[in-house]
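One-based numbering along the sequence shown. Note that ligands are numbered from 1 as they come in the structure, with each ligand's atoms numbered from 1 the same way. What's counted below: heavy atoms across the whole structure, side chains too, no hydrogens, waters or symmetry copies.
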Amino acid sequence: MGRSLLIAVTGVCVCLAFAGCDRDTPPTEFSFEIMGTVASGKIHHDGDGSPVRMVEAVFDSINFQLSSWRDDSEVGRLNAAPAGTAVALSKWLNDCLIVSEALHKTSGGAFDPTAEPLMRLWGFYRRQGHLPSLAELDSVRTLMGGYTHDPDSRTLTKQRANVRFDLGGVAKGYAVDLAIADLSNAGIRSAMIDLGGNLFCLGAPPERDMWRVGVRDPLDKSLIFATMALTNQAVATSGAYERFVIIDGKRYGHIMNPATGRPAEGLLSVTVITSSATLADGLTTTLYVLGPDKAVDLLRTHYPNVDAILVLPGEGDEKARVLATPGLEGNLEIQENYTSRYLLSFLKF
Ligand code: ADP
Ligand code: MG
């Protein structure tokens, strides 16, 4: 990325400096609630608002099909299916499982599409936190795994009736990839779509080379602490601040560490930049579970071409640390008012 990106970024900055001479047709902007979060974006196109309806339709369908929060979704029905019977999967669920299983393998189980019983035990589905006992944690971890999936025939067989799936770690990214594919097929060349922190930058705004993307401050999600310039890339951010339950006044985030049975801790947020929104979504969850050291190892070993930004809390009076992959050097810029609070360094791969 390095040098060519730097030139392109400069191009964007020049464009921004001349913002007053913007000759573009304004994009259609949208924002609506779905999947317990907000979908928003900008689409540059000629004609009426139909591309927005296209995006809405995709997100609706994914929500309907892949939610583990509803019994009547495909995942809900799979969760209720008996053991020993091959269940036919839709292409969407099959695709999400393929990405999930690859992450499960590379991460040594940190990403686990069968983490549903953990989410349930901690009270996420009823939105009412529950602090489990050690006995509960031990027994729930025996419920994970235990299925065979044949991606070619698109079938899945549970080994026990109580194997239950939660695709929440990849479903939003997958929905974004589908929506972008639909927009591209409809001839749209410039759009930015964000589904709850899962973003895709298609092309660039008219007469610019890149989209400028902000990374949220994990300590105050209404602010951005850094920006970068991107084109035809997905960007996903995960942090415990997105969704959590409160038990005895303490916050517990919705990303589970299968090794401990507890919500993962250690990072403030993780951002991943790569060409697939599904992978970006799944990897943010995975890296968050692994924590800083193992996250860097995973990136180095299995995903050397994926860019990432890890935000670590500072200890005591220390600044929060921002670790970024080498591919972001020359692109990622910490906002001026954050340089005194966030210490940026680039990893060496
Ligand atoms: P968000 O974008 O909403 O922050 P993430 O992409 O970070 O979501 O994923 C969190 C979601 O992933 C949880 O709500 C749950 O559905 C699922 N999940 C939680 N822990 C795991 C895990 N260890 N492996 C796979 N999926 C998980
Ligand atoms: Mg994710």
Query - Heavy atoms of other groups near E56 CD, more than 12 under 6.0 Å - result: yes

Requested in this report: Determine the interplanar angle of the Y125 and W69 rings, folded into 0 to 90°, and report it as parallel if under 30°, tilted if 30 to 60°, perpendicular if over 60°.
Outcome: perpendicular

Query raised in the report: At the Mg ion (ligand 2), what angle lies between atom OG1 of T285 and atom O of D281, rounded to 10 degrees?
Result: 90°

Query raised in the report: On the ring face of Y252, is K250 found with NZ or CZ under 6.0 Å from the centre and within 45° of the axis?
Result: yes

Query raised in the report: Does V272 offer a backbone N or O that forms a donor-acceptor pair with the side chain of D307 under 3.5 Å?
Result: no

Query - ligand 1 to N257 polar contact by distance, N or O atoms, under 3.5 Å - result: no

Requested in this report: Determine whether the side chain, the backbone, both or neither of S100 has a heavy atom under 4.0 Å from any heavy atom of ligand 1.
Outcome: neither

**Report entry** Nearest neighbour of atom 9 (O) of ligand 1 from the list T285, T37, L118, on a heavy-atom basis
**Finding:** T285

Query - G169-ligand 1 polar pair, N/O distance under 3.5 Å - result: yes

Requested in this report: Please round to the nearest 0.5 Å and tell me the distance separating atom CD1 of I309 and atom OG1 of T284.
Outcome: 12.0 Å

Query raised in the report: Are any of the N or O atoms of K172 closer than 3.5 Å to those of ligand 1?
Result: yes

**Report entry** Metal site the Mg ion (ligand 2): N/O/S of Y288 inside 2.8 Å
**Finding:** no

Report task. Kindly say whether L230 contributes a backbone atom to a donor-acceptor pair with the side chain of Q233 at under 3.5 angstrom? Result -> no

Report task. Output yes when the distance from some N or O of ligand 1 to some N or O of G239 is under 3.5 Å, and no in every other case. Result -> no

Query raised in the report: In terms of atom number and element, which parts of ligand 1 are under 4.0 angstrom from non-hydrogen atoms of A110?
Result: 22 (C), 23 (N), 24 (N)

Requested in this report: May I ask you to list the atoms of ligand 1 that are less than 4.0 angstrom from any heavy atom of D112?
Outcome: 22 (C), 24 (N), 25 (C), 26 (N)

Query raised in the report: Is it true that atom CZ of R126 has more than 12 heavy atoms of other residues, nucleotides or ligands lying nearer than 6.0 Å?
Result: yes

Query raised in the report: Hey, which atoms in ligand 1 end up nearer than 4.0 Å to a heavy atom of P258?
Result: 23 (N)

Query raised in the report: Parallel under 30°, tilted from 30 to 60°, perpendicular over 60°: which one fits the rings of Y342 and Y338?
Result: perpendicular

Query raised in the report: For ligand 1, which atoms, with element, lie under 4.0 Å from some heavy atom of I255?
Result: 7 (O), 10 (C), 19 (C), 20 (N)

